[in-house]
Amino acid sequence: MDAHHVTRKEISLDKTINIKQIVRKSVLSKGGTIIGKVSEVRINPKNLELEGVLIKRDIFRKPLYIGKGYFSHLSHDAIILNIEVSLLIKGKQVLTDDGKILGKVVQVLRKGNSNELQGLIVRSLFSKRFTIPPSAVKYIGKTIILKKSHNANKKYFWQRSE
Amino acid sequence: MQTRNISGRDLSKAITSEDILGKEVFDIDGTLIGVVETVLIDPESLELIGISVDKGFLKKGLSIGKNYIDRITKEAIFLRIQVAYEIKGKSVFDKDGKLLGKVSSIDLHGHKNHLKSIHVKSHLFHYILNKEIVIPEKYIDTIGENVILNKKKEQIVN
C-alpha cells in the first residue's frame, strides 16, 4: 500500500500485519488442531504491544484467551501456536500402560492461567473422581496413556475412601 | 485344561493367538487403529511376522509387521509408530496456516511405514476433476490432529 511513513525505529509498513485481517481467522495448535477463530485482538495499553487474542469456539464452549507467549507464527491466514492447549485434554480417554480404560478427563488442573498441567481429574461411569499427576502421563495424543509405574486404581462409588 | 508339553522349553509365559485376536491396537500416540483380525505366521520359519487389523466397517484392513509392535498387554496391543495411513483425511495447512485441503492418499517407501509423499485435494471441485497437489514428506513440519507444512502454499504449488 502506498502511504507516507512517519516512523522512528519501527519496522516498515509492509512488514507489519493488519489486525483487521486476523479477526475471524483460524487459530491452530502446534499439531494442527483447530482451536477456533480469532474474535478479538488485545493490545497492552501501556506499551501498545499485542498481548493476546480472544478465540471464539462453538456456542457451547467458553471463549479462550491465549497470550502471545504461546504464539509460534502469525500471518494473515492464521495464528499457529507453539503448544497443544492443555484445556482441550478435557474429554479424552485415559488408558493405563497396558491399555485398560480408566475413564475420561473431566477437569484439567493448570498452574495458574498458564498452559502447564498440574493434574488431570478423571472419572468413569461408576468410579469416583481421581487425580492423575502430570508425572504419571506418558503420552497425550488422541487418548492419554499413563506410565507403567503409575498405580491408577480407580475407586468405584460404592467403595469407601480411606 | 491341562496339557502336556513336548516343546523343549517353558511355555508358561508364552501367549497364544487367543490372547491376540480381537484385541484393540493403539499407535504410539494412543490412536485406536482397530482390532486384531488375524495373526500372520511365516510358513517357512513358523515365526510370527505380524498382525492384520480390522479398522472397521467400510475401511480397508491393515497389516502390521511385528517390528512395529511395541508390546502386547492383557488389554491391548501398542505400536511403536504413528501409522502413516492415519494421515489420510487430515487437513493440511501451509506454514502460514492457510488451508490447502485434505490428504486423499499417500505414497510410502515400499511396504514400510515411511511416508514418501502425501496427495492433497483442496475441495469438491478438485475431487471431481481428480486434481491434487503432491507434497513430499520433507515439506511436512508436524503431524498431529492435522498436518502443518514448513513451506508456504506458493512455494509448494509452483
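Proteins get letters first, then strands, A, B, ... in listed order; numbering begins at 1 in each.
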Partner of A:Ile144 under side-chain contact (heavy atoms from CB on, under 4.5 Å), chosen from A:Leu102, A:Ile132, A:Leu120: A:Leu120

When B:Gly97, B:Ala76, B:Ser91 are compared by non-hydrogen pairs under 4.5 Å with chain A, the top option: B:Gly97

Segment of A:Thr33 engaging chain B (4.5 angstrom heavy-atom cut-off): both

Most contacts with chain B, counted as non-hydrogen pairs under 4.5 angstrom, among A:Ser72, A:Gly141, A:Ser75: A:Ser75

Residue among B:Val147, B:Asp96, B:Ile148 with most heavy-atom pairs under 4.5 Å to chain A: B:Asp96

Parallel, tilted or perpendicular, as decided by the 30° and 60° cut-offs, for the rings of B:Phe78 and B:Phe26: parallel

Sidechain-backbone polar pair: B:Ser52 side chain, B:Glu37 backbone, donor-acceptor under 3.5 Å: no

Salt bridge B:Arg71-A:Asp97, side-chain N to carboxylate O under 4.0 Å: yes

A:His73 side, atom NE2; A:Ile80 side, atom CD1 - distance, nearest 0.5 Å: 6.0 Å

When B:Lys95, B:Glu145, B:Lys90, B:Glu75 are compared by non-hydrogen pairs under 4.5 Å with chain A, the top option: B:Glu75

Region of B:Asp141 that comes under 4.5 Å of a non-hydrogen atom in chain A: neither

Contact origin within A:Lys138 toward chain B - heavy atom pairs under 4.5 Å: side chain

Residues A:Asn82, A:Tyr70; criterion side-chain contact (heavy atoms from CB on, under 4.5 Å); working and verdict: CA-CA 6 Å; A:Asn82 55 20; A:Tyr70 292 123; 3.9 Å; yes

Option that, when pairs with chain B are counted at under 4.5 Å, heavy atom only, ranks first among A:Thr143, A:Ile79, A:Asp98: A:Asp98

Salt bridge flag under 4.0 Å for residues B:Glu154 and B:Lys98: yes

Per-residue contact mode, B:Leu32 against chain A (heavy atom under 4.5 angstrom): neither

